[in-house]
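Okay, structure first, notes after.
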2 protein chains.
Amino acid sequence: MGVEKIDTKSKILDIAEGFIVQGGYNAFSFRDIAEAVGIKSASVHYHYSTKADLVSAVMARYTESFFRQLPDPTDESLDPKIMINGFIDGFKAKIVDQRDMSLCTMLTSNKGILPESVGHELAAFYQFLLDWLSRIFVRLEKIDEDSGLIQASQLLACLHGASILVQGTDKPDFFDKALSRWKAHCLPSSLL
Amino acid sequence: MGVEKIDTKSKILDIAEGFIVQGGYNAFSFRDIAEAVGIKSASVHYHYSTKADLVSAVMARYTESFFRQLPDPTDESLDPKIMINGFIDGFKAKIVDQRDMSLCTMLTSNKGILPESVGHELAAFYQFLLDWLSRIFVRLEKIDEDSGLIQASQLLACLHGASILVQGTDKPDFFDKALSRWKAHCLPSSLL
DNA sequence: TTCTATCTACCTAGTGATAGATAGAATTAT
DNA sequence: ATAATTCTATCTATCACTAGGTAGATAGAA
């Protein structure tokens with residue numbers, strides 16, 4: 001412990017996450033990471049013994065920090081419209097401004113070649129996220145849980161699909177086009 | 001020419017396409033393909049000299065056969081609702097019944113590591129498809145071209161996102177959930 | 001005789017992973 | 001307090017294997 005030099009372990013995760021969102025599971029090697037961190041590949045293995053471990057750790061950290069940033073959907077003092085809008089804007093920032101895919105979109109498309117553990121983590125991530133969105137829609141539109149889940153699925157699908165469209169066409173405009181229904185639907189009350 | 005034994009060249013494309021939709025660009029090798037076809041890897045190179053050539057050929061064939069199957073959007077004898085529904089159902093068959101990603105979703109997520117030529121083909125594919133969908137929406141809802149493109153973007157995003165959701169959660173139900181708005185919206189007149 | 005499609009054999013460059021050494025920090029024993 | 005020990009994080013060197021790609025031979029068809 002002590003002076004906390006910039007932790008190599010999380011530096012590795014940062015760089016691995018960057019490589020994954022740019023090219024997926026098979027598009028980087030331990031040597032790539034080692035070079036970027038400034039150590040040797042054997043030292044990367046010291047921190048994460050296998051590639052599966054490494055990707056699993058990236059996913060776990062992502063999930064943890066993702067949900068830590070989300071507000072409590074049942075907090076009555078928060079406007080559900082603003083929560084949804086914040087969520088959409090956060091997603092947009094990632095895929096339009098940074099111009100790469102979200103970690104989960106990328107890993108999901110790689111699911112067939114991923115260690116099984118990562119597959120489970122992915123599924124859990126989506127379940128949790130859909131649940132979060134559902135609760136907000138239930139509040140926002142005073143609907144039952146099933147309908148909330150449907151709304152949540154639609155929004156989440158639109159967001160992921162929008163990122164494919166932006167990436168595939170190289171035209172960031174498609175993000176707003178694909179999301180226009182939701183933007184209109186979820187304008188914060190302050191603007192109505 | 002002549003007796004047309006089952007063409008090795010297209011057998012290679014079939015198998016390559018299968019590998020790509022299952023795991024993406026980096027998840028298969030010439031040796032994998034050779035083994036599946038029943039020849040040696042050097043013989044695969046005879047037909048497609050580089051991996052970029054091969055994937056490019058897969059994409060070109062896919063694009064060609066995809067658009068050959070689409071009806072003429074301006075054909076007044078065809079019901080636009082049925083065309084949209086047929087499109088959705090075709091997509092669903094691919095990703096829900098066959099349980100893998102569409103070639104384009106997969107390649108788009110791999111775009112960062114793809115040969116540039118394939119990137120251009122992908123962009124062209126999406127432009128063409130969005131145009132096709134736009135024309136139908138313009139007819140269906142008697143709207144202008146810009147609004148047609150917005151509808152088209154939304155539907156296409158929903159479809160791609162639905163495939164991510166299905167793959168990520170392992171729950172095929174999410175396809176219909178994510179698409180329910182469009183199914184309701186585009187019921188063929190015969191059922192109204 | 002030339003063309004087509006295949007083969008065997010190989011190359012170079014990388015892959016994930018391991019073994020063993022080492023310098024220095026932290027901990028424990030005397 | 002100091003000496004002995006263990007732990008941490010790194011290294012060098014290497015393994016067995018796979019990658020995409022190439023050269024050259026060959027059998028059969030045109």
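Throughout, a chain's letter reflects where its sequence line sits, starting with A, and its residues are numbered from 1. Just so it is clear, the structure is predicted and the values come from calculations on it, not from any experiment.
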Within the 4.5 Å heavy-atom criterion, are [X] and [Y] side-chain neighbours or not?
X	Y	answer
Ile143(A)	Gln151(A)	yes
Gln154(A)	Arg181(A)	yes
Phe91(A)	Ser163(A)	yes

For Thr63(B), what residues pass the side-chain hydrogen bond (donor to acceptor under 3.5 Å, both in side chains) criterion, not counting sequence neighbours?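 Checked Thr63(B) against side-chain hydrogen bond (donor to acceptor under 3.5 Å, both in side chains); zero matches.
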Under-4.0 Å side-chain N/O to phosphate OP1/OP2 contact, Ser43(B) with dC7(C):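 Checking dC7(C) against Ser43(B), a side-chain N or O does come within under 4.0 Å of OP1 or OP2.
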May I ask you to verify if any side-chain N or O of Tyr46(A) is less than 4.0 angstrom from the OP1 or OP2 atom of dT10(D)?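 Checking dT10(D) against Tyr46(A), no side-chain N or O comes under 4.0 Å of OP1 or OP2.
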Looking only at side-chain atoms of Lys40(B), point me to the closest of dC11(D), dA5(C), dT8(C).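 For Lys40(B), the side-chain atoms sit closest to dT8(C).
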Which atoms form the tightest heavy-atom contact between Ala16(A) and Ile33(A), and what is the distance?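 Closest approach of Ala16(A) to Ile33(A): CB-CD1, 3.9 Å.
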Whole angstroms only, please: what is the [atom1]-[atom2] distance between [X] and [N]?
X	N	atom1	atom2	answer
Asp7(B)	dA5(C)	CG	C1'	12 Å
Ile39(A)	dA13(D)	CD1	P	18 Å
Lys11(B)	dA5(C)	NZ	C1'	14 Å
His47(B)	dT22(D)	NE2	P	16 Å
Ile33(B)	dA19(D)	CD1	P	11 Å

How about Gln127(B): does its CD atom have over 12 heavy atoms from other parts shown lying under 6.0 Å from it?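 For Gln127(B), atom CD is crowded (more than 12 foreign heavy atoms under 6.0 Å).
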Can you confirm whether Gln98(B) is buried at CD, in the sense that more than 12 heavy atoms of other residues, nucleotides or ligands lie under 6.0 Å from that atom?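 Enclosed: over 12 neighbouring heavy atoms sit under 6.0 Å from CD of Gln98(B).
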Base-pair string, DNA chain D, Watson-Crick plus G-U, cut-off 3.5 Å on both distances, | for inter-strand, is ||||||||||||||||||||||||||||||
I need the single residue from Phe87(B), Phe125(B), Phe137(B), Phe67(B) that forms a ring-ring contact (aromatic ring centres under 6.0 Å, His included) with Trp132(B). Which is it?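 Exactly one candidate clears the test, Phe87(B).
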Mark yes or no: Lys51(B) above the aromatic ring of Tyr25(B), with NZ or CZ under 6.0 Å from the six-membered ring centre and no more than 45 degrees from the axis.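 Relative to the ring axis of Tyr25(B), which defines the angle, Lys51(B) lies inside both limits.
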Protein within reach of the bases, or only the backbone? For nucleotides 12-18 of chain C, mark each nucleotide 5' to 3' as B, S or -, using heavy atoms under 4.0 Å. ---BBBB
